[in-house]
Amino acid sequence: MSDHIEKGTVIFDQVSKRYRLGTLGTLRGTVSALLSRRRDGDDSQRVLWALRDVSFRVEPGESLGLIGPNGAGKTTALKLLSNITQPTAGRITVDGRVSTLIELGAGFHPELTGRENIYLNGAILGLRRREIDRKLDAIVAFSELERFIDTPVKRYSSGMYVRLGFAVAAHVEPDVLLVDEVLAVGDAEFRQRCMARMKELRVSGTTIIFVSHNMHMVRSLCDHALLLWRGQVHFEGSPNDAIVAYEQMWQKRATQSSNVYTQEEHAPILISKIQLLNSEGMPRREFCHGESLEIRFLFVASYPIESPVVRARLVAEDGPVAAMVSTLHQRRVKDIVWTLQGEGEIAIVIPSLEVVTGSYSVEVRVLDTTDSEVLASMQSDQFFVQAPGLAHEVDRGIYMPDVTWILPRPEKQQ
Amino acid sequence: MNHLIKLYQYRDLLWLWTTREIRVRYKQSLLGVAWAILQPLALTAVFTIVFSRLVRIDTGGIPYPVFAYAALVPWTFFTTSLSFGIPSLVNNMNLVTKVYFPREVLPLASIGAAFLDFVVASLIFGGMLAFYRIWPGMQALWVIPLLAVQVILTIAVTLIGSAVIVFFRDMRFVVPLLTQVWMYATPIIYPVDLVPERLRPYYFLNPMASIIDGYRRVLVMGQGPRLSALLLSAVVSLLLLFASYAAFKRAEPVFADLI
C-alpha cells in the first residue's frame, strides 16, 4: 500500500491536536458538567487547537527547524512525534528509535545519582541495560560530569541537568532526535559541542527535529525550517527564508491593533505589544549601561484573571538569562490583590541596566495566580546595551554593577 | 499482544523503576525496612487484643496472632500495592507528560516494590510459626498458586484504579475507604466458618476471600484450599485482568493530556 519507509523518516499528515481546557478531571466536576450541559451546552469555549492541519515530511539524515512564537504548537508537535500524546486528527509516521529531549530533567529522578539516572533515562528511551553499559563511558565523557556522576542529581545545577540529558539523548543511537529549547540553558562551549554532536548524528543518518528561539543555531544546523503560527504552518523553506518570514511576522504583529487576536483564539489573555522605553518614555533600541529601561506591554484579557503572576526575563542574545523579575518575588506587589481584565498595559521599570555590552531581549509572561500555567507570553525585539568593554570578551559574566574602587594611596612610600 | 511485546522490551525500565521505588521509599522513611513488617504486625497486635481478649472469636484452636498475621501479610501486600500503585500515574506526571514508555510500568513497579515488603513480612511469619511450633506440611506448596492468583488480581485492580484516577482525581480519596470495606468482606479478623452457609456462594465472589482463606488453611491448618472457591477466584481475577488491561491501554493515549 504505502511506499516503503526508511528508518528515520518522519511524516506528519494533516495532523491536528485539540486540547480541552477546564475542570474535567474530578468526578464532581464531570458530574456537574454533565448535568449543566444537558442540551447543546457551549463546549467550544474550552477547546484549544494546539495544531491544525499540519503536514510535513523529513527524510532520514535531514534536520528540520521548528520556529515560531511561544504557544505556536512547536512543543505539541514534538510531544506527538515522541508518542507522549496522540493526534486528534491526521496521521503521524515515525520510523525507528526516537530520542526526545523535551524538558530539563524529564525522565530524571532527583534522588538517584547521575549514573543511575543514565540507566533510568536510557531505559525510558527503550534501551537494554547492556547497550547502556557499552555507552556509559561515552555518555559520561560527553557530559563532563565525571566527578559528580555518583552524586544525586537533585544537587545538580540546571546546566548539569542539560549536559546529562543531552549526553544520554545523543548517545542512544537514535534514528530520530527531537530537541526542544533546553539547550539554551547550557553554556556556550557546551552548546558548541551539542551542535557538533548533532551534526555528526545527522551525517550518520539521524533525523533531527530542532525547536529553538536561537535563530543562529537553527541556521547553522537545519536543512530547512517550518514557521508555526497559532498551530498552523505559516511558512516552509530554507532556514534563512523562514527566519525572515518570522521577523516580518513580528513586525506586522507589532503594528496591528491588539483586538485582532481575541476573535479567533480562546486564549485567556494576549500580550499584543512590548515597548522598550528610556527614562524619557521614548521607545529605543539602544541603551547605555546604567540607563533606565521601562518595559511596557499591552494586554487583552478575554475574561478577568484574579491576581495573576507577571514575570519578565532579560535574555542575552546567546541564550543566558541575565535577570528574571516576578511579581511573586517583589515584596511590594506580592500581596496585592488585583484583577487583570479587558485591555490595558503593565510597565516594569528597571532603574539601571547594569549589564555588559551585547544584544538582549525581554520576554514577558503572564501566569495564573499559582505561578504554574502560562497564560500568555511574548518576546520583545532585540535591543542593544552599550557598556564599557567589548561584546565578545570571554568570561565577563552578564551583570556589571557600578562599583566603587578603593585603590592604594600613592604617597605612603617609605 | 502487541502491548505485551512492548512491555517486554521495556522490562529493564520496569526493573529500574521498581528498585527506584524501593530505594526512594526506604530512604525517605525513618523506619526503612521495618515499615514493611510494622504495619501487619501492629494490626495483628490490635486485632489480637480486641478479638481474643475483648470479643472472643473462635479460630478453631489456632493462636489468634498466627490466625490474624497469616491473613494480614498477604492482605497488606494487596493494600500497599493499591495505595502506591493507583496514584502512581498521577504522582509521576513529570514523566508521563515528558517522555514516552508503556505507562503500565509505573503501577507495576509499585506492585513490585510492595512485593519486597511482602517477602520481608513473610520471613517474620516463618519465625512466628516456629515460635508457636506450627509446622506447615506439604499443603504449604499451595502458596504458589494462591500468590499467583493474588498477583493477577492485584495487577487488575491497580491498573484500572490508576487509570480511573487520572480522569477523576477525587477518586483517590475513595481508595482507602474501598480497601477498608474490602477488608471486612474478607476473612481476616474472622474465620470463614462464621459466614452463614447459604451466603457463602456470594461471599466467595470476592476473589480475595478465597485467597486469604487459602493461605490460612494451607499454612496454618495443614489443609488444602477450598478448591472450587479458589478456581472461581482465579477465573474472576483473570477476567478482571484482561478487562482492566484492555481498558488501561485504551485510556493510555490521553493520559498525558489530562495529567
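These numbers come from the heavy atoms of this one structure, side chains and all, not from hydrogens, waters or symmetry mates. Proteins get letters first, then strands, A, B, ... in listed order; numbering begins at 1 in each.
- Residues A:I84 and B:Y100 share a closest heavy-atom pair of CG1-N, 3.8 Å.
- Within the structure, no pair that satisfies the salt bridge (Lys or Arg N to Asp or Glu O under 4.0 Å) test touches residues 71-84 of chain A, not counting sequence neighbours.
- Using a 4.5 Å cut-off on side-chain heavy atoms (C-beta onward), A:T85 and B:V254 make no contact.
- Taking the side-chain contact (heavy atoms from CB on, under 4.5 Å) definition, one finds that A:I132 meets it with A:I118, A:Y119, A:L127, sequence neighbours left out.
- Listed options A:L112, A:T100, A:T75 were ranked by heavy-atom pairs under 4.5 angstrom with chain B; first place goes to A:L112.
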Next item on the list: For the pair A:I124 and B:L95, evaluate side-chain contact (heavy atoms from CB on, under 4.5 Å) and give the outcome as yes or no after the intermediate values.
Entry: CA-CA 9 Å; A:I124 287 172; B:L95 275 183; 3.8 Å; yes
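- B:D257 approaches A:Y19 most closely through the heavy-atom pair OD1-CE2, 3.5 Å.
- Counted within 6.0 Å of CH2 on B:W15, heavy atoms from surrounding residues, nucleotides or ligands total 12 or fewer; the atom is thus considered open.
- Between chain A and the residues B:R103, B:E252, B:R20, B:Q9, the largest count of heavy-atom pairs under 4.5 Å involves B:R20.
- Interatomic distance, CG of A:L120 versus CG of B:L13, reported as 6.5 Å (0.5 Å rounding).
- Under 4.0 Å is where a charged nitrogen must lie from a carboxylate oxygen, and between A:R128 and B:D12 at least one such pair does.
- Note that NE2 of A:H109 is 10.5 Å distant from CZ of B:R23, once rounded to the nearest 0.5 Å.
- By the 4.5 Å heavy-atom criterion applied to side chains, B:V99 and A:L125 are not counted as neighbours.
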